[in-house]
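What follows is a set of notes on a single structure, which appears directly below.
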Amino acid sequence: MHIPDNYLSPTTCGTLIAAMTPIWTVSVLKVKAQIKEKKETVPLLGVAASLAFLIMI
């Protein structure tokens, strides 16, 4: 289920983006470190992303 367009105010969206930015930063740094350490992780990330899209349907 998705939130309809124009349902959240710009203030709410800005607050949520500000709250998520540190989490996204830490996540990207952890993924980069994992890929640098183990190159075989890349196909697993693709499988996990496709599974996430499958669950959303």
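Just so it is clear, the structure is predicted and the values come from calculations on it, not from any experiment.
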Can you give me every donor-acceptor pair (side chain of residues 6-13, partner residue at least two apart or in another chain, under 3.5 Å) with its distance?
residue: Ser9; atom: OG; partner: Thr12; partner atom: N; Å: 3.2
residue: Ser9; atom: OG; partner: Thr12; partner atom: OG1; Å: 2.9

Separation between OG1 of Thr41 and NZ of Lys36, rounded to the nearest 0.5 Å: 13.5 Å
As an exercise, state the distance from NZ of Lys39 to CD of Gln34, rounded to the nearest 0.5 Å. 11.5 Å
I'd like to know if Ile3 and Leu16 are part of one continuous hydrophobic network [Ile/Leu/Val/Met/Phe/Trp/Tyr, side-chain heavy atoms within less than 4.5 Å]. yes
What's in the same ILVMFWY side-chain cluster as Val42, cut-off under 4.5 Å, chained through other members? Val31, Ile35, Leu45
So do the side chains of Leu51 and Val47 get within less than 4.5 Å of each other, counting heavy atoms only? no
